[in-house]
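Contents: one structure, followed by commentary.
Keep in mind that what you see is a predicted model, and the values were worked out from it rather than measured. Residue numbers begin at 1 in each chain, while the letters A, B, ... track the order of the sequences.
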Amino acid sequence: MSTGHVSAGIDAGSSAIKVCVTRSQAGAGAEILSTAVQRIRRRNIGDVVRATFDEACAAARVEPRDLCYVASTGDVDAVDFATGHLYGMTTHARGALHFMPDARAVLDVGALHARAIRMDDRGKVLGHRMTSQCASGTGQFVENIARYLGVPLEDVGRLSIASTEVEEVSSVCAVLAETDVINMVSRGLGTGDILRGIHLSIAGRLLRLLRAAGADGVVAVTGGLAADDGLVACLRELLGKEKAKPKKPLPKLDLRAHPLSPLAGAIGAAILAAYRHDQLERRGRTASAAVAMEAG
Amino acid sequence: MNDPAAAVLERARALVEDRKLSTVTRWKESHPGALAIGHMPVYVPRPLLEAIGCMPVALFGGGDAIDIIRGDSYFQSYICHIPRSTVELALLGDLSPIDGVLFPSICDVIRNLGGMWRMLFPEKYATYVDLPQSFEPDIGGAFYVLEMRRIARELAERGARPLDPARLGEAILRENERRAAIAELDALRREASWRCRASEAYLLVRAGGVLETREHTALIHEFLACARRRSGRPVDNVRVVLVGSFCEQPPLELVRALEKSGCEIIDDDFQLGMRMIDGPIEIAEGEDPLVALSRAYLEKGRDTASRYIGDLVKGAGLVRRVRESQADGVLFAAASFCDPALLDQPMLEAALTKAGVPHTSFKFSENMGQFSVIREQAGAFSDAVKLWGAEGAAP
Amino acid sequence: MTEHADAGARDQSQLTQKRMLAEHFDALAHAKERGRKIVYTFVPGNVTELLGALDLLPVLPEINALQSGMRGRSVGYIAEAEKAGHSKDVCTYVKCDVGMLRSGNIGPTGQRLPEPDLLLLSYTGCFTFMKWFEILKQEYDCPVVMLHVPYQTEGTITPEMRAYVVSQLERNVIPALEKVAGRKLDMDELARRLDLSARAEEDLVRVWESARHRPSPIDGYFGGVYYVGPIFSSFRGTEEAVRYYRELRAEVDERVRQKKGPMTPDGEVPEEKYRLVVEGPPNWTSFHDFWRMFSKEGATVVSSTYTRVGGLYDTGFRHDARRPLESLADYCLGCYTNLGLPARLDLLERYVKTYEADGFLVNSVKSCNSFSVGQLLMLRKLEERTGVPGGFIESDLVDPRYFGKANIENRVQSFLQMLETRRRLGPGAPLPERKEARRSLPVLDERGLP
Amino acid sequence: MRSVIGIDLGSTTTKAVMLDEQGETLGFGITNSRSNYEVACAVARIEARTAARFGMLERALAQDGNARVWLGPLRDAFRLELFMVDLADLRHTIEGHLAASQRPDRKTLDAAAAHVLDVIAAGAADGFLGGAARRSDFFRDIAGAGFVAEAEALARSGRVAFEPLVALYDRAILDVETRLRPRDTRALLDRALDRIRAMPGAAGAADTLAWAVAHVTRQPIEEVAVVGTGYGRQTLPFPKAAVRSEILCHGRGAHRVFPDTRTVLDIGGQDTKAIQVDGRGVVTSFQMNDRCAAGCGRYLGYIADELGLGLHELGPLALGAKKAIKVNSTCTVFAGAELRERLSLGQRREDILAGLHRAIMLRAMSLLARSGGVRNELTFTGGVCKNPMATRILRELVDENYGADITLNVHPDSIYMGALGAALFSLDDLAAGTVPELPSFVTSHGTEVAS
Ligand SMILES: Nc1ncnc2c1ncn2[C@@H]1O[C@H](COP(=O)(O)OP(=O)(O)O)[C@@H](O)[C@H]1O
Ligand SMILES: Nc1ncnc2c1ncn2[C@@H]1O[C@H](COP(=O)(O)OP(=O)(O)O)[C@@H](O)[C@H]1O
Ligand code: SF4
Ligand code: SF4
Ligand code: SF4
């Protein structure tokens with residue numbers, strides 16, 4: 001092996017497993033050796049994790065045993081062979097910083113969760129807000145509506161952006177909103193317009209999360225929904241329409257998605273894995289000790 | 001692995017999970033005619049009850065063990081969970097060994113629950129304990145003494161023994177022994193948290209809700225003896241103080257989930273009533289023990305949310321606790337819709353921020369079963385402290 | 001012609017009230033320059049006569065919050081407070097007040113409210129009050145004085161409770177007020193004010209009782225919140241209040257004589273179709289929409305408990321110059337939310353019966369545990385005791401997010417339709433279907449075909 | 001014949017009940033709700049009229065046992081004819097869409113769709129005749145299932161992509177469903193008769209049947225009063241005076257069928273209602289969920305989708321549970337995820353299903369308790385009462401909480417209680433002489449041609 005720490009991050013999400021292998025100097029100057037994503041699709045999670053991990057290792061041409069540290073993130077119980085676990089906010093923050101060094105906040109939207117994270121220039125989480133137990137601002141909502149409208153996920157963003165007339169969705173609840181959608185279809189509204197309505201409704205909720213978390217400056221949109229440019233466009237649009245009180249201007253936000261955005265968690269985990277490995281080593285503990293310790 | 005404390009912990013767990021209060025039933029069988037008096041959290045003068053021959057029973061709600069059906073019919077969705085499960089337990093008949101219930105003045109929910117109790121169970125004794133918010137001995141103190149006399153009198157009318165100062169003095173001594181034992185337990189957690197984890201202390205202290213004081217003290221001592229024999233070593237965890245002015249208790253699984261996410265809880269206010277008074281209740285020479293009991297409340301009561309702080313500085317006490325226990329940060333864990341805790345929180349947070357103590361907050365309910373969100377949050381908190389070391393603790 | 005005169009007459013007392021309020025807020029706005037001292041305190045358990053006797057000006061944060069709600073400001077204020085870390089779950093009055101404070105403390109008349117010289121924490125019937133002033137204490141650097149009013153668990157005032165309150169008044173509250181005012185309390189002046197209070201209270205009770213008439217000349221909830229304005233807030237124990245209530249009473253008497261129903265924002269209720277008793281505070285952000293849901297269906301509220309939170313007078317209590325501190329204590333102890341639930345239930349039963357209500361309705365507000373906990377049980381018990389059907393709706397005081405208009409309207413209409421059906425059938429009337437077949441419907445297959 | 005109609009526009013299904021002036025049931029009709037409320041109501045009404053015709057046929061043939069046994073096959077054949085009409089419309093619509101589209105693969109898709117539809121049409125008779133069991137009776141479901149199955153088969157052969165092909169159906173079905181087409185009952189029945197004639201052994205009865213059809217379809221059925229109810233009452237296609245609160249209707253309908261019931265539980269697609277009624281069927285109190293659809297019928301819909309099952313298969317599968325696993329979130333959208341997660345933890349499918357059913361019934365129980373508990377008899381209505389696991393858990397919970405002596409009524413037609421209540425209200429209107437204006441989908445005839 002050449003110089004540096006080769007480490008892996010595994011992001012076990014509720015809809016997909018994402019893996020990244022990096023080479024870095026204790027987390028600094030990381031270079032992505034490979035990434036892999038597999039949707040779970042009703043398969044056994046453990047199997048998908050293993051398969052995605054093997055795929056990523058093969059692509060990076062590394063043997064799993066040569067990795068100095070494997071960090072899992074997302075679902076704690078999904079990866080039984082990880083050296084240690086890091087939590088989603090920590091890894092998304094760090095991952096986002098890798099491909100967007102200016103970012104000082106992260107908006108991570110996955111299938112069943114959404115969180116807004118404020119961080120410093122090293123990716124340390126300073127504040128956050130998240131949704132819980134309600135699907136009204138998450139990817140699953142978009143998926144359901146898309147399925148209802150017969151639109152493949154990949155087309156959702158394009159259609160929404162092309163829309164010219166928006167239709168507001170009034171229900172807070174993702175289920176009751178479907179009824180709104182039925183109404184819209186009946187009034188002959190176009191698929192794109194409806195999707196945009198849904199995007200706007202979600203975007204409104206996400207923006208409130210960002211504000212509540214105290215985000216300021218560049219915001220990296222991460223998670224699966226970062227791939228949905230329709231949503232990102234709506235977020236920007238709402239941002240432009242926000243009304244500030246004259247005396248108290250709201251912090252300026254600059255929302256950006258990146259092609260690597262959906263992989264932010266895995267990237268962050270891989271980088272921090274190397275950092276943690278080094279940290280423990282310097283404290284005179286080996287990584288295998290970390291396995292025992294952090295499992296206990 | 002042979003855990004020397006396994007047996008005593010198992011006993012504590014059985015006591016905590018004993019919904020049907022079999023220890024209380026047994027106690028009543030061996031004390032014919034005596035009353036078992038339940039009380040809601042947080043604080044009631046338990047020694048007073050013992051002194052008049054009653055068994056005080058702490059009612060900590062139904063936890064996650066029961067499905068709430070009828071209990072829900074009395075409470076709107078925006079009210080915390082403990083009153084629902086308490087009503088449910090009563091309607092299921094699980095509280096039948098209880099002859100009466102005291103509702104201390106912690107918040108409007110408990111207060112009104114007292115009124116509901118009278119309407120739902122007119123045959124049982126129920127009263128509100130109006131703890132004083134004036135801390136001058138001859139105003140609030142005098143009122144509290146009268147309040148305690150009233151309760152003693154009303155219970156005597158229902159078969160309790162008349163209040164006798166000597167017996168009250170003894171009960172207070174027993175209570176002091178218990179407090180000393182709990183203090184020892186807390187000290188062990190602070191100094192060697194791998195010998196006594198928060199989830200264990202939670203069980204041990206809570207078990208006291210259905211035990212006579214002396215038995216409870218013995219239980220804790222037994223555990224302490226075992227725990228000191230435990231092997232083990234420090235874990236790479238973050239030290240936190242967990243606050244929330246609990247009345248509704250978090251499910252044990254939540255405490256475990258927090259531990260699993262890398263947070264070592266070295267101080268908390270679970271079952272706050274058992275720790276409400278700092279230090280022993282002192283009876284001055286020739287003093288009426290009832291006055292001593294009242295005085296202890298006025299002077300040594302913790303500055304928790306249900307007490308008016310008067311001229312004290314909000315949050316100063318919490319900062320002191322963090323420093324004393326050398327904690328890295330504070331977790332606020334309030335029951336959803338818990339007014340006292342949630343109204344206090346911004347003030348406490350401000351104090352912590354000022355003192356440079358990192359903190360994070362979340363809400364729970366006693367019957368929650370999904371901890372993923374909380375785990376993420378506590379995990380991110382512990383990650384930050386871990387990865388960025390001491391600096392993580394002082395932003 | 002009469003229509004016109006009547007609207008004018010009604011306007012009279014409203015105008016009077018408006019003027020009084022404007023003057024009060026003006027006095028507040030100029031208080032500092034005129035050297036007057038300000039005391040913040042709460043509506044329930046307010047000791048306005050004491051303040052007045054010491055020439056102290058009261059500010060009531062709850063009133064400010066409700067005004068902010070009515071003027072559509074509360075959303076922003078609440079957001080402001082939530083951003084500052086206040087929970088979504090807690091009383092929106094507090095958040096509205098905190099938000100207003102952080103946005104410059106502009107009162108309902110657009111003038112700035114003065115900062116307090118003293119926070120008088122009348123801790124009556126609501127736990128949140130204590131937290132509220134603890135929070136304000138962090139914002140303002142001024143003393144706080146606690147007046148702990150014990151709870152009437154049994155619905156009776158014991159000598160111990162009264163003595164506890166009186167001793168706090170004597171030993172803590174009055175000295176603190178005197179210190180701020182810079183002078184001693186004149187007991188004669190206090191007595192004079194208590195006398196004035198009793199007179200206004202007498203007239204207010206007559207207004208409440210006018211609802212026995214059919215049609216009721218007043219709406220004791222939506223209209224009622226206006227009637228209690230002066231006496232709940234800063235005017236108890238003043239000549240102006242006495243005048244206002246005399247005027248109001250005369251107007252109401254006149255409506256009775258003309259057999260007229262209450263006035264609403266959309267004019268007079270043409271026909272009294274339903275008589276209701278309401279428990280729980282109203283929603284302020286959509287107050288008129290809410291009122292309209294009732295008035296347009298001909299539903300009049302003949303009595304309500306919310307209008308008793310700042311003092312319960314129709315069970316006989318009056319302020320009494322002969323026992324000044326004792327009667328102030330009894331007043332504080334007697335506010336509606338300071339009563340145990342059984343006593344609240346008794347009062348509701350009394351209202352349903354006295355005013356011959358067709359139904360009663362609970363508006364359960366998310367903010368207020370003091371009101372809300374136990375309402376569902378009260379509803380059921382009241383149905384049992386009176387045989388009159390109850391309805392239940394949920395909303396909030398000043399947080400419009402919790403006022404689901406369509407949903408509330410659906411419930412109100414269903415409730416009124418239910419009263420209507422019951423009325424049409426009358427008690428024990430024959431069954432509606434001509435053929436009340438006991439037989440089952442024909443069994444159909446899955447497709448709905450017989 | 002003079003009749004009244006009650007229509008309950010639900011979030012999932014729209015139901016109609018037709019009564020004669022004496023309050024006797026003439027017919028029930030049901031269809032799936034769709035984006036056009038007016039069409040949904042009109043179709044449900046037509047279904048009820050059709051059912052009424054079959055009822056009349058049955059009475060006309062009361063004396064003739066030989067002919068009567070052919071009524072069942074006639075009904076199946078009628079359904080088949082109806083299906084063919086809708087299928088033709090679907091074909092036409094798909095062709096229209098493709099003709100208007102610029103896609104380069106237009107031709108391939110056109111041929112593929114034609115093939116798929118041919119296969120469906122060829123297999124249709126087997127699905128209807130001979131007492132075949134169907135997962136659903138709604139055109140959308142039958143045609144959709146067939147389309148997806150055939151499209152998958154085609155896609156496997158590699159000649160056409162699956163997604164765009166199925167998208168054609170998804171797009172077209174919306175149009176088909178929201179278009180109101182007249183139903184020529186007489187013509188459909190005649191064609192159905194032709195099919196009967198061709199069946200072995202039918203020759204003798206066919207003439208009698210034909211006579212009865214001719215006789216029955218000549219009789220006019222006049223609707224003199226209509227009352228509507230249902231969710232989203234603000235947008236119902238009825239004049240305001242003809243709309244009644246769904247709560248009152250459900251209470252009234254259930255009480256009509258079970259006069260001793262004092263408590264009604266209705267679980268529909270998006271809401272759950274607990275209703276108390278007095279001895280006359282007048283509602284005395286009620287509770288319903290609002291703003292959040294957690295734990296309603298749609299929840300089970302998502303679960304069924306996730307497992308690729310029909311709604312009616314879910315309950316029976318869950319009955320095989322050994323225990324109910326504790327399920328925490330009842331957010332409808334999370335239901336699928338929760339299921340997936342638990343399956344991956346290795347928990348038994350049946351046990352998870354039992355837990356999911358229990359979770360929604362627990363929510364219903366708290367609403368019930370809040371509305372005043374269960375008095376003597378509980379009537380369970382709404383779509384979810386068709387689910388045997390739901391009713392079993394309800395029975396258990398009622399036993400545990402209110403005692404085993406409570407009667408639990410679940411009627412095969414419980415889903416119609418709201419519509420029945422509405423019909424009873426319209427009888428009231430008739431009796432009181434306050435019949436509101438008839439909605440336009442009733443007055444603008446032409447939607448059902450009988451004679
Ligand atoms: N191309 C895309 N366009 C729109 N949404 C997408 C796209 N790809 C994925 N998604 C959304 O992203 C979600 C998955 O996000 P992800 O962060 O992987 O979630 P998790 O980590 O919970 O598995 C899906 O619910 C889906 O809605
Ligand atoms: N055959 C069936 N078997 C089991 N459950 C069913 C069946 N049909 C419908 N359901 C359930 O009933 C729900 C619809 O109920 P329904 O009363 O029609 O709702 P709505 O009145 O809102 O249209 C569906 O979401 C489904 O859960
Ligand atoms: S509001 Fe809708 S999306 Fe949110 S929890 Fe309820 S059912 Fe789920
Ligand atoms: S949990 Fe909080 S709000 Fe609920 S009863 Fe306890 S103290 Fe009151
Ligand atoms: S809780 Fe109720 S009484 Fe207390 S401040 Fe809020 S609204 Fe007022």
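- The two atoms that bring L248(D) and S414(C) nearest to each other are CD2-O, 4.2 Å, heavy atoms only.
- The OG atom of S285(D) sits 10.0 Å away from atom CZ of F415(C), with the distance rounded to the nearest 0.5 Å.
- For the pair T284(D) and M418(C), the tightest heavy-atom approach, listed with the atom from each and the gap, is O-CE, 2.9 Å.
- Counting heavy atoms of neighbouring residues, nucleotides and ligands inside a 6.0 Å radius, atom CZ of R380(C) exceeds 12 of them.
- At least one donor-acceptor pair under 3.5 Å links the side chain of Q417(C) to the backbone N or O of S245(D).
- Against chain D, no residue from residues 292-306 of chain C qualifies, as none has a non-hydrogen atom under 4.5 angstrom away.
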Could you give me the CA-CA distance, side-chain angles and deciding distance for R280(D) and T421(C), then say whether side chain to side chain contact (heavy atoms under 4.5 Å, CB included) is met? CA-CA 10 Å; R280(D) 300 163 300 179; T421(C) 320; over 6 Å; no
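- Within the 4.5 Å cutoff, the side chain of I247(D) has no heavy atoms near those of the R411(C) side chain.
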For N410(C) and E246(D), run side chain to side chain contact (heavy atoms under 4.5 Å, CB included): C-alpha distance rounded to whole Å, both residues' side-chain angles, the deciding distance at 0.1 Å, then the answer. CA-CA 10 Å; N410(C) 185 5; E246(D) 63 205 291; 3.9 Å; yes
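- For V283(D), the parts lying under 4.5 angstrom from a heavy atom of chain C are both the backbone and the side chain.
- Heavy-atom distances place the backbone of A369(D), and not its side chain, under 4.5 Å from chain C.
- Side-chain atoms of R370(D) do not come within 3.5 Å of backbone N or O of L376(C) as any donor-acceptor pair.
- If you measure heavy-atom distances from F286(D) to chain C, the contacts under 4.5 Å come from the side chain alone.
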